[in-house]
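Small disclaimer: the values here were computed from a predicted structure and weren't measured.
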Amino acid sequence: MKKVLSLVIILAVLVSVAIPVGAVAKVTGVKQTGCGTTWVDIEWSRYTNADRYKVEYSDTLNGSYKKITDYNTSGYCSFSNLFKGSTYYVKVTPYVNNNWLTSATSTPISVATKPDSVTNLKQTAATANSITLKWTAADGATSYNIYKYYSYTNVKKIGTSKTNSYTLKEIGRASCR
C-alpha cells in the first residue's frame with residue numbers, strides 16, 4: 001500500500017509543477033466571417049465555462065477599444081455603423097464565474113469593411129495598342145485591381161491602380177476573319 005500511495009503523491013507533485021499557477025488560456029478562434037460596406041461579422045471558439053462575452057473594437061491596434069456588446073453568448077457578433085473600406089481591431093473577453101476574465105481576452109485581430117463598388121466605368125482614350133479606362137472613385141478604396149475577362153471561367157488580374165484610371169498597354173490588334 002505504501003508504494004501506491006507514494007506514487008500518487010509523486011504524480012500529484014509532478015502535475016502541480018508542470019502547470020504554472022495563474023496560467024489562463026485566451027479566447028481563441030476569433031475570425032472575420034463576413035462584411036459589407038458598413039458592417040463586419042466575427043466568430044470565436046467557445047471559452048470553457050463562459051456565461052457571455054464582451055466584444056470590443058478600435059480604429060488602431062493599441063488604441064482605446066469601444067464596447068460592441070457584453071451580453072453575447074453565441075460565439076458570433078455582427079456590428080455596423082462603420083466606415084467604408086476601413087480596418088478595425090476586435091477583441092473578445094469571456095465572463096466566467098461572475099467576473100470579466102481580462103487575462104483571457106483574445107489577441108486582437110484586424111477586420112475590414114468593403115469599399116463602395118466602382119461605378120461609371122468608361123473608356124476615355126484608345127490607340128492602336130492601348131486603351132484607357134476611367135471610373136468614379138469608390139468611397140473607401142485605396143487601390144483598384146484590374147482584371148481581364150477572357151471567358152466565364154477565365155478571368156485574370158492584369159494590373160493595379162492607385163487612382164481611378166488605368167491604361168492597358170500592348171493589347172495588340174484584333175483580327176477579323
Measuring from atom [atom1] of [X] to atom [atom2] of [Y], what distance do you get when rounded to the nearest 0.5 angstrom?
X	Y	atom1	atom2	answer
T38	F79	OG1	CZ	11.0 Å
K122	S165	NZ	OG	14.0 Å
S103	K26	OG	NZ	7.5 Å
K67	T93	NZ	OG1	11.5 Å
D116	T37	CG	OG1	6.0 Å
L61	I109	CG	CD1	11.5 Å

Could you tell me whether a side-chain N or O of [X] sits under 3.5 Å from a main-chain N or O of [Y], the two making a donor and an acceptor?
X	Y	value
R52	D70	yes
T127	S130	yes
D51	V96	no
Q32	A112	yes
Y53	Y47	yes
S161	T163	yes
N72	Y76	yes
Y144	A138	yes

* Cation-pi check, K54 to W100: give yes when NZ or CZ is under 6.0 Å from the six-membered ring centre and within 45° of the ring axis, no otherwise. =>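 Output yes; distance and angle both within limits.
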* Asked: Does Y65 have K91 sitting over its ring (NZ/CZ under 6.0 Å from centre, angle to axis within 45°)?
  ->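 The answer is yes; both the distance and angle limits are met.
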Take a 6.0 Å sphere around [atom1] of [X] and say whether it holds more than 12 heavy atoms from other residues, nucleotides or ligands.
X	atom1	value
N154	CG	yes
N97	CG	no
K134	NZ	no
K31	NZ	no

* Measure centre to centre between the rings of Y57 and Y89, then say whether the value is under 6.0 Å. => no
Which atom names give the shortest non-hydrogen contact between [X] and [Y], and what distance separates them?
X	Y	value
N164	A137	ND2-N, 3.9 Å
A104	V24	CB-CG1, 3.7 Å
T113	C35	CA-CB, 4.5 Å

Less than 4.5 Å apart, any side-chain heavy atom of [X] and any of [Y]?
X	Y	result
L168	L133	no
I158	I146	yes
N129	K169	no
Y88	L82	yes
P115	D139	no

Flag yes if [X] and [Y] sit in one hydrophobic cluster, no otherwise; membership is Ile, Leu, Val, Met, Phe, Trp, Tyr, and two members link when side-chain heavy atoms are under 4.5 Å apart.
X	Y	answer
F83	I68	yes
Y150	Y147	no
V27	Y95	no

Between [X] and [Y], does any side-chain donor sit less than 3.5 Å from a side-chain acceptor?
X	Y	value
S143	T160	no
S78	D41	yes
T102	T105	no

* Do T167 and T132 pass the side chain to side chain donor-acceptor pair (under 3.5 Å) test, and can you show the C-alpha distance, the side-chain angles, and the key distance before you say yes or no? -> CA-CA 4 Å; T167 300; T132 299; 3.0 Å; yes
* Take N62 and T60 through the side chain to side chain donor-acceptor pair (under 3.5 Å) test and state the conclusion after the steps. => CA-CA 6 Å; N62 296 315; T60 60; over 6 Å; no
